[in-house]
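Computed from a predicted structure; not experimentally measured.
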Amino acid sequence: MVLSLDRWIGKVAIVTGASSGIGAAIAEQLVEKGINELAKKLSNKKAKLYPVKVDITKEEDILNGFKWVKANLGPIHILVNNAGTGGRTNLIDGNTDIWKNIFQLNVIGLSIATREAIKDMRANNVDGHIIHINSILGHQVLNFPGLNVYPASKFAIRALAETLRLELNSLKLKIKITNLSPGLVDTEMILDE
């Protein structure tokens, strides 16, 4: 089977965490394929690029970002929830602020962005696609000292994708949810952690 992005040409996609790493690579591919994109750093491609700075740990920022997209670009068709953090900490004597930031960014921010995208898709009768960029650590806890809270946030994302799938099915919506779980990727996040 050959998958094609043709059905998304000219549509609006939002990629969180698009300023670097996996998010930047996703943004670049979407723009190359002609899908309008909310990201950071590309120009002179098939699609237009609209960088909008949003702190995914702040609900008001997320709401304002979605408001801008709807007012300036139209209905949302794709949301790629890529923003995330690992945060070096552990459970035995860990830093509570780091724990909160991990869950605020990786779980709560993702949930808010998902809610807002689906509200817009439903309001505009869009058969859209929500994609959570997760991690293999959302499926199996490995021994990565100092990343002891990160897997819990990634297991939560996996659970949220499955519960969202059930919600979408119960409402008979044609919005797809995908949970992608890459292994270790050499990105700025790895260097920062």
K.L.:
May I ask whether W99 and V141 are part of the same hydrophobic cluster, defined by side-chain heavy atoms of I, L, V, M, F, W, Y residues being less than 4.5 angstrom apart, directly or through others?
P.N.:
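Different clusters.
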K.L.:
Determine whether T114 and L79 make a side-chain contact, defined as any pair of heavy atoms from C-beta on separated by less than 4.5 Å.
P.N.:
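With C-beta onward as the side chain, the pair touches.
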K.L.:
Near R122 CZ, under 6.0 Å, is it more than 12 heavy atoms from other residues, nucleotides or ligands?
P.N.:
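Result for CZ/R122: open.
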K.L.:
State the CD1-CD distance between I112 and E59, to the nearest 0.5 angstrom.
P.N.:
4.0 Å
K.L.:
Kindly give the heavy-atom pair with the smallest separation between I62 and I56, and that separation in Å.
P.N.:
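The pair with the smallest heavy-atom distance is CD1-O, 3.3 Å.
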K.L.:
Is there a donor-acceptor pair closer than 3.5 Å between any side-chain N or O of E116 and the backbone N or O of F66?
P.N.:
no
K.L.:
Can T178 and I130 be said to form a side chain to side chain contact (heavy atoms under 4.5 Å, CB included), step by step?
P.N.:
CA-CA 6 Å; T178 300; I130 309 291; over 6 Å; no
K.L.:
Run through I136, L147, N106, V107 and flag the one making a side-chain contact (heavy atoms from CB on, under 4.5 Å) with K154.
P.N.:
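Only one option passes, and that is N106.
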K.L.:
Taking L168 as the starting point, is it possible to reach M121 by hopping between hydrophobic residues whose side chains are less than 4.5 Å apart?
P.N.:
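Same hydrophobic cluster.
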K.L.:
Indicate whether the side chain of N101 and that of D97 have a donor and an acceptor atom separated by less than 3.5 Å.
P.N.:
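Result is no, nothing qualifies.
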K.L.:
Let me see the working for I14 and I76 under side chain to side chain contact (heavy atoms under 4.5 Å, CB included), right down to the final yes or no.
P.N.:
CA-CA 7 Å; I14 295 176; I76 298 159; 3.7 Å; yes
K.L.:
Are more than 12 heavy atoms from other residues, nucleotides or ligands located less than 6.0 Å from atom NZ of K100?
P.N.:
no
K.L.:
Tell me, please, which residues at least two apart from E162 pass side chain to side chain donor-acceptor pair (under 3.5 Å).
P.N.:
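Side chain to side chain donor-acceptor pair (under 3.5 Å) check on E162 returns R165.
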K.L.:
Give, for atom CD of Q104 and atom OG of S111, the distance between the pair rounded to the nearest 0.5 Å.
P.N.:
10.0 Å
K.L.:
Carefully, step by step, assess L63 and R115 under the rule side chain to side chain contact (heavy atoms under 4.5 Å, CB included).
P.N.:
CA-CA 10 Å; L63 298 177; R115 177 191 68 201; 4.0 Å; yes
K.L.:
List the atom of N134, the atom of I157, and the distance in Å for their closest heavy-atom pair.
P.N.:
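So the minimum-distance heavy-atom pair works out to ND2-CG2, 3.6 Å.
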K.L.:
Of the non-hydrogen atoms in A83 and T16, which two are nearest, and what is the gap between them?
P.N.:
N-OG1, 2.9 Å
K.L.:
Please name all residues satisfying side chain to side chain donor-acceptor pair (under 3.5 Å) with N90, sequence neighbours left out, ordered by chain then number.
P.N.:
D93
K.L.:
Kindly give the heavy-atom pair with the smallest separation between S135 and H139, and that separation in Å.
P.N.:
O-CD2, 3.4 Å
K.L.:
The criterion is side chain to side chain donor-acceptor pair (under 3.5 Å); which residues satisfy it with T163, sequence neighbours excluded?
P.N.:
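Result, side chain to side chain donor-acceptor pair (under 3.5 Å) vs T163: none returned.
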K.L.:
Have N179 and H132 got a donor and an acceptor in their side chains that come within less than 3.5 Å?
P.N.:
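The criterion, which ignores hydrogens and geometry beyond distance, is not satisfied for H132 and N179.
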K.L.:
Hey, quick one: are F155 and Y150 part of the same hydrophobic cluster, counting side-chain heavy atoms closer than 4.5 Å, chains of contacts allowed?
P.N.:
no
K.L.:
Which heavy atom of G94 sits nearest a heavy atom of T89, and at what distance?
P.N.:
CA-OG1, 3.2 Å
K.L.:
Yes or no on side chain to side chain contact (heavy atoms under 4.5 Å, CB included) for H129 and H77, after CA distance, side-chain angles and deciding distance?
P.N.:
CA-CA 6 Å; H129 201 145; H77 293 80; over 6 Å; no
K.L.:
With clusters defined by side-chain heavy atoms of hydrophobic residues (ILVMFWY) lying less than 4.5 Å apart, directly or transitively, does V54 cluster with I108?
P.N.:
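Result: yes, single cluster for both.
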K.L.:
Would you say the side-chain atoms of N82 pair up with the backbone N or O of I133, donor to acceptor, closer than 3.5 Å?
P.N.:
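Side chain of N82 to backbone of I133, a donor-acceptor pair under 3.5 Å: no, none is there.
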K.L.:
Taking NZ, NE, NH1 and NH2 as the nitrogens, is one of them in D55 or K58 under 4.0 Å from a carboxylate oxygen of the other?
P.N.:
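Counted as a salt bridge, because a side-chain N and a carboxylate O are separated by less than 4.0 Å.
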K.L.:
Taking E60 first and then K67, would you say they form a salt bridge - that is, a charged N and a carboxylate O separated by under 4.0 Å?
P.N.:
no
K.L.:
Between P75 and V126, which heavy-atom pair has the shortest distance, and what is it?
P.N.:
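Smallest heavy-atom distance, with atoms named: CB-CG2, 4.0 Å.
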K.L.:
Would you say L91 and I102 are hydrophobically clustered, going by side-chain heavy atoms of ILVMFWY under 4.5 Å?
P.N.:
yes
